[in-house]
Amino acid sequence: MTTKRFWIILFLWLAPAALCSAQTLRIAAAANLMFVLPAIDADFAATHPGITVTPVFGSSGNLVSQIEQGAPFDVFLSADIEFPRKLIAAGGADASTLKTFAYGKLVLWSTQPDLPMPTIAAVVRNSRVTRLAIANPRTAPYGRAAREAIARLGLLEVAEPKLVTAENIAQTAQFVSSGNAEAGFVALSLVLAPNLKDRGRWLDVPADLYTSIAQAGVVTHRAAGNESARAYLEFLSSPPARSALARFGYGTP
């Protein structure tokens with residue numbers, strides 16, 4: 001057998017195994033993660049070269065519904081811990097993999113240069129603020145936190161007529177960025193994103209005004225036994241992932 005023929009046969013023998021070893025992980029991720037996750041995924045890819053990560057972003061509640069209806073996701077990264085627990089209770093995820101990987105922060109943001117922003121209450125009460133954006137409280141944990149903060153400040157009555165409800169927290173930020181809302185309650189991670197960090201001003205919403213936004217991940221039932229999915233979830237606690245999360249304003253366990 002010639003050397004050339006030997007290498008051709010060896011290639012044909014090894015190629016199927018190489019193809020089988022390559023793997024794609026489909027990640028269902030809360031919309032607030034849309035800017036930080038690419039950085040985390042790039043670091044994950046550097047240490048796991050045989051795995052391709054494909055994220056899909058949306059509101060946590062809608063993603064749960066999609067998974068329950070058979071959407072082929074391997075890992076679910078929620079904006080809170082309650083939606084993963086709901087998925088587990090429905091038999092859609094592995095309870096042993098449930099993991100809190102970050103703590104989100106809520107801010108009130110505006111891109112209106114001449115809008116005074118001394119306090120949250122002053123912004124909400126300002127007659128110039130006719131549209132106040134929040135994410136859907138039923139499906140988006142950041143929206144639920146925003147409504148909770150508004151209520152604890154005693155501002156629901158004045159805020160209600162102004163509220164513009166977005167499908168998820170990324171769309172909420174879009175409403176504010178585009179000027180379709182004069183102000184809005186959004187995730188700090190979004191206003192720190194490269195394309196938004198130099199736009200507008202924001203006020204931190206005190207953490208005691210809303211239930212802690214403990215962001216959690218879980219391996220879906222579809223990926224039960226998938227070590228790559230477990231490895232991805234564990235990677236969220238690694239130094240590179242924690243560093244990326246901190247850059248975007250998240251707290252980490």
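Residues take their numbers from the sequence shown, with the count starting at 1.
With 3.5 Å as the limit, one finds no donor-acceptor pair spanning the side chains of D80 and Y142. With no hydrogens or angles considered, a side-chain donor-acceptor pair links N226 and Q23 at under 3.5 Å. Residues T130 and E182 have side chains that bring a donor and an acceptor to within less than 3.5 angstrom of each other. In summary, the side chains of E167 and S59 do not present any donor paired with an acceptor at a separation below 3.5 Å, with no hydrogens or angles considered. The closest side-chain donor-acceptor pair between S189 and Y250 falls under 3.5 angstrom. Between the side chains of S237 and R242, no donor-acceptor pair is found at a separation under 3.5 Å.
For the pair D94 (side chain) and S96 (backbone), a donor-acceptor distance under 3.5 Å is present. The main-chain N or O of G200 is never found under 3.5 Å from a side-chain atom of T111 such that the two would form a donor-acceptor pair. Listed for the K162 side chain is a donor-acceptor partner under 3.5 Å among the backbone atoms of V124. Formation of a donor-acceptor pair under 3.5 Å by the Y210 side chain with backbone atoms of K105 is not found in this model. Put simply, the side chain of S178 gets close to the backbone of Q174: a donor and an acceptor are under 3.5 Å apart. Between the side chain of S238 and the backbone N or O of E234 there is no donor-acceptor pair closer than 3.5 Å. At least one donor-acceptor pair closer than 3.5 Å links the side chain of T97 to the backbone N or O of V219. With R26 contributing its side chain and P72 its backbone, the two residues share a donor-acceptor pair below 3.5 Å. With E148 contributing its side chain and T211 its backbone, the two residues share a donor-acceptor pair below 3.5 Å.
Classification of R222 and D74 as a salt-bridged pair holds, one side-chain N sitting under 4.0 Å from a carboxylate O. Between E160 and R147, at least one side-chain nitrogen of the basic residue sits less than 4.0 Å from a carboxylate oxygen of the acidic one, meeting the salt-bridge criterion. Taking the charged nitrogens against the carboxylate oxygens, R152 and D208 have no contact shorter than 4.0 Å, which rules out a salt bridge.
Placement of L87 and L25 in two distinct hydrophobic clusters is found when ILVMFWY residues are connected by side-chain heavy-atom separations under 4.5 Å, directly or transitively. By the rule that hydrophobic residues join a cluster once side-chain heavy atoms approach within less than 4.5 Å of another member, L209 and I213 end up as members of one cluster. The hydrophobic clustering, which links ILVMFWY residues whose side-chain heavy atoms are closer than 4.5 Å, places I51 and V56 apart. Under the 4.5 Å side-chain contact rule for hydrophobic residues, V107 and Y103 do not share a cluster. Hydrophobic clustering of Ile, Leu, Val, Met, Phe, Trp and Tyr side chains at less than 4.5 Å, counting indirect connections, keeps L33 apart from F83.
Interatomic distance, OG1 of T100 versus CG of L236, reported as 11.0 Å (0.5 Å rounding). One distance of note links CD1 of I81 with OG of S60; it measures 12.0 Å at 0.5 Å rounding. Of the inter-residue distances, the one linking N180 atom CG with F175 atom CZ reads 7.0 Å to the nearest 0.5 angstrom. If you take CG on L98 and CZ on F76, they are separated by 10.5 Å, rounding to the nearest 0.5 Å. Taken to the nearest 0.5 Å, the CE atom of M34 stands 11.0 Å off from the CZ atom of F248. If you take CZ on R144 and CD1 on I134, they are separated by 12.0 Å, rounding to the nearest 0.5 Å.
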#### Entry: Audit row: V53, I27, side-chain contact (heavy atoms from CB on, under 4.5 Å) steps and yes/no
CA-CA 7 Å; V53 178; I27 312 298; 3.5 Å; yes
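Counted within 6.0 Å of CZ on R128, heavy atoms from surrounding residues, nucleotides or ligands total more than 12; the atom is thus considered enclosed.
Looking only at side-chain heavy atoms (C-beta outward), I40 and L245 come within less than 4.5 Å of each other. By the 4.5 Å heavy-atom criterion applied to side chains, I67 and H221 are not counted as neighbours. Counting heavy atoms from C-beta outward, N32 and Q215 have side chains that approach closer than 4.5 Å. Taking the side chain as every heavy atom from C-beta outward, L77 and L37 approach each other to under 4.5 Å. Side-chain contact between Q112 and V176: absent, with no pair of heavy atoms (C-beta onward) separated by less than 4.5 Å.
Residues satisfying the side-chain contact (heavy atoms from CB on, under 4.5 Å) criterion with A231, sequence neighbours excluded, are H48. Listed by chain and number, the residues in a side-chain contact (heavy atoms from CB on, under 4.5 Å) with L192 are L188, W202 (sequence neighbours excluded).
Among all heavy-atom pairs drawn from P137 and T165, the shortest one is CD-CG2, 4.5 Å. In this structure, M117 and L203 approach most closely via the heavy-atom pair O-CD2, 3.5 Å. Across all their heavy atoms, S177 and L196 have their closest contact at OG-CD2, 3.8 Å. Considering all non-hydrogen atoms of both residues, L115 and S110 come closest at CD2-OG, 3.5 Å. Across all non-hydrogen atoms, the minimal contact from P55 to D41 is CG-OD2, 4.1 Å. Closest heavy-atom contact between F235 and P240: CZ-CB, 4.3 Å.
Tested against I150 for a side-chain contact (heavy atoms from CB on, under 4.5 Å), the candidates L108, L156, I120, V158 yield a single pass: L156.
In this structure, F44 has its ring center closer than 6.0 angstrom to the ring center of Y232.
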